[in-house]
Number of protein chains: 2
Amino acid sequence: MYSSANVSERQAQAPSLAISTVIFALRTDPGTGRSEIWLPLVRRIRQPHLGKWALPGGPLGGRESLQDAAARNLRETTKLEPTYLEQLYAFGGLDRSATQRLVSIVYWALVRPEQADLARESENVQWFRASDAAGLAFDHDEIVAYALERLRGKIEYGSVAYHFLGARFTLAQLRGVYEAVLGRHLDPANFRRQLRSARDIAATDEVLQGGRNRPPRLYTYTGPHQETPPPGPAARLPAEGQSAAPPS
Amino acid sequence: MYSSANVSERQAQAPSLAISTVIFALRTDPGTGRSEIWLPLVRRIRQPHLGKWALPGGPLGGRESLQDAAARNLRETTKLEPTYLEQLYAFGGLDRSATQRLVSIVYWALVRPEQADLARESENVQWFRASDAAGLAFDHDEIVAYALERLRGKIEYGSVAYHFLGARFTLAQLRGVYEAVLGRHLDPANFRRQLRSARDIAATDEVLQGGRNRPPRLYTYTGPHQETPPPGPAARLPAEGQSAAPPS
DNA sequence: GTTGTTAGGGTCGAAATGACTATAACTCAT
DNA sequence: ATGAGTTATAGTCATTTCGACCCTAACAAC
């Protein structure tokens, strides 16, 4: 292996390698009270695609793992730590960038709403509704669409919705996450029944006071608190279950 | 984005980028008649890990997509075309190779048994039972384990088992694939019932003659004949369902 | 013929799921 | 204070799914 192309030739052809990150957060619409998915984008300050919005990213440092590079992107653009960070896909089409051959390893992350609200916004960093994120630089439109697709898959599978929320949450909030991601209404009673069994959530003895209706009980996530899953998939697997629901 | 590190520094740090491929094929044990998963490995002919077995792979050419590079690896090592080829994961740990910083984008492929039998074997290319593939070069042990994990996920989900078989197959053969991958016995009657509904298989009007028992009917796969899924995930998604099975 | 073995169809109960009803607990308007 | 409105939470019921199991059909070998 490691073919016979000589080294100088290989270097000459070597595509640049970059890391990009799709960062999802939930925001509650003040009007309808419904949860929506948002993500931060950065404005391109150089060619190509100067002035367009793009996913946060940059070159891979020589002393950091892929995961670390993605986490660094996150810190640098939004000043916050993700509650979930996973590799999405490596994009390497020939025509991704007009100026150079570019291979991007893309990660996707979930952050909590409190953090998303605190995240700085500036001239060149702004949050967008996921459904409004179009016309991005490079092939980032497709990447965002794919990340949403994958988010749907993961959330149906089960153990990712909690990472959108804080340490304590009501079942209605959790259901709001599911509804925002899946894009359909879920029956509150059935949703409750499904979560009572299995999944890594536990009821606390507290309730959320101050609402205008019956105070809902607060729950916590007790599963592997995979702040940022370990580098290799080998280490990541025990926390997940890998693979998905049986459409049969 | 695209940080402020200057270009020369970035080049100096730039990790090498390689493509590797995990190629799975099914072989039937002549003794027990059970199906087993095999994969081809190549012997390292240079340092590091000289003499050890490793996944087929090599550098990414400047004029080929990631997918094309993986397909080329396949051709070059086994002289055969895969019936299925998908990106597995990008591995980029700091300590993967002792001699250099190496990022590997790994693909996994399925090939048909007839093809696997025809595939050349040589001094430096040999097929191994997946369960016997240990002590490989670099972190390839972990990569193979992860590929098997993902294969299990995909097969439970549904649409990948056919790619191990030829154009026409019996349900017993298909069940053999599932049993080899999942590592457990499946009830023939229930298996039949599940496949009768939904999945992209159709009964032909032919039966397989020549066995010593009742001749089984032959079936075909009618789904998207995803010989080699399109480059971007966007194009790949309609054929798949993305994500994995529900451990709940 | 009989026997052995696999193909393929069916039954039955347990478990999961979706649609729905009912009651509890709170706030707010009157 | 009382009732209306809203959400939380429990329960019911019919349908579907799934695993375990049984039975008959169709071949080869003897």
Side-chain angles (χ1 to χ4, degrees), chain A residues 28-29 31-35 155-159 165 168-180 182-199 201-220 241 243-248, chain B residues 28-29 31-35 155-158 161 165 168-180 182-199 201-220 241 245-248:
Chain A
T28 304
D29 185 283
T32 68
R34 304 170 76 91
S35 297
I155 209 170
E156 280 182 358
Y157 164 76
S159 62
L165 301 171
R168 288 160 197 280
F169 49 87
T170 69
L171 288 190
Q173 289 171 332
L174 186 58
R175 183 165 47 86
V177 176
Y178 275 79
E179 290 179 341
L182 298 178
R184 67 163 186 270
H185 172 75
L186 299 174
D187 182 274
N190 292 338
F191 183 79
R192 167 182 311 276
R193 181 180 54 192
Q194 287 182 315
L195 289 197
R196 234 183 352 214
S197 61
R199 302 197 204 282
I201 64 168
T204 68
D205 50 0
E206 305 170 60
V207 293
L208 179 63
Q209 303 286 358
R212 80 194 58 182
N213 305 311
R214 170 173 171 175
R217 182 171 298 277
L218 289 170
Y219 292 80
T220 56
S243 179
S248 194
Chain B
T28 305
D29 185 282
T32 67
R34 303 168 76 92
S35 296
I155 210 172
E156 280 181 359
Y157 166 75
L165 300 172
R168 288 160 197 280
F169 49 86
T170 69
L171 288 188
Q173 288 171 333
L174 186 58
R175 183 164 48 86
V177 176
Y178 275 80
E179 290 180 340
L182 298 177
R184 68 165 186 269
H185 172 75
L186 298 174
D187 182 278
N190 292 338
F191 183 77
R192 167 181 312 274
R193 180 181 54 190
Q194 286 182 316
L195 289 197
R196 233 183 353 212
S197 60
R199 299 197 204 285
I201 65 168
T204 69
D205 50 1
E206 304 171 59
V207 292
L208 178 61
Q209 302 286 358
R212 79 194 61 181
N213 305 310
R214 171 174 172 176
R217 183 170 298 276
L218 288 171
Y219 292 80
T220 56
S248 199

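Residue numbering restarts at 1 for every chain, and letters A, B, ... go by the order of the sequence lines.
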Could you pull out the closest heavy-atom pair between [X] and [Y], with the gap in Å?
{"X": "B:S35", "Y": "B:G176", "answer": "CB-O, 3.9 Å"}
{"X": "B:F191", "Y": "B:L171", "answer": "CE2-O, 3.7 Å"}
{"X": "B:R168", "Y": "B:T204", "answer": "NH1-CG2, 3.1 Å"}
{"X": "B:L208", "Y": "B:P215", "answer": "O-CB, 3.4 Å"}

Rounded off to whole Å, could you give me the [atom1]-to-[atom2] distance for the [X] and [N] pair?
{"X": "B:R192", "N": "D:dA20", "atom1": "CZ", "atom2": "C1'", "result": "17 Å"}
{"X": "B:N190", "N": "C:dA7", "atom1": "CG", "atom2": "C1'", "result": "15 Å"}
{"X": "A:F169", "N": "D:dA8", "atom1": "CZ", "atom2": "C1'", "result": "16 Å"}
{"X": "A:Q194", "N": "C:dG18", "atom1": "CD", "atom2": "C1'", "result": "9 Å"}
{"X": "B:D187", "N": "C:dG13", "atom1": "CG", "atom2": "P", "result": "18 Å"}
{"X": "B:F191", "N": "D:dA20", "atom1": "CZ", "atom2": "P", "result": "15 Å"}
{"X": "A:Q173", "N": "D:dT9", "atom1": "CD", "atom2": "P", "result": "12 Å"}
{"X": "B:L208", "N": "D:dC27", "atom1": "CG", "atom2": "P", "result": "12 Å"}

Phosphate OP1/OP2 of C:dG9: any B:R196 side-chain N/O under 4.0 Å | yes
For the ring pair A:Y219 and A:F169, is the centre-to-centre distance below 6.0 Å?
-> no
Kindly point out which of D:dG5, D:dA10, C:dG9 is positioned nearest to the side chain of B:A189?
-> C:dG9
Nearest listed nucleotide, side chain of A:P216, among C:dA7, D:dT9, C:dT17 = D:dT9
Would you kindly compare B:N213 and A:T170 by the position of their nearest DNA chain D nucleotide and give the one closer to the 5′ end?
-> A:T170
On DNA chain C, nearest-nucleotide positions of B:P188 versus A:Q209: which is more 5'?
-> B:P188
Is B:A172 touching bases, backbone alone, or none of the nucleic acid, heavy atoms closer than 4.0 Å?
-> sugar-phosphate
What nucleic acid atoms does B:R193 come within less than 4.0 Å of, heavy atoms only: base, sugar-phosphate, or nothing?
-> base
Establish whether the base of D:dG5 is bridged to the side chain of A:R214 by a donor-acceptor pair shorter than 3.5 Å.
-> no
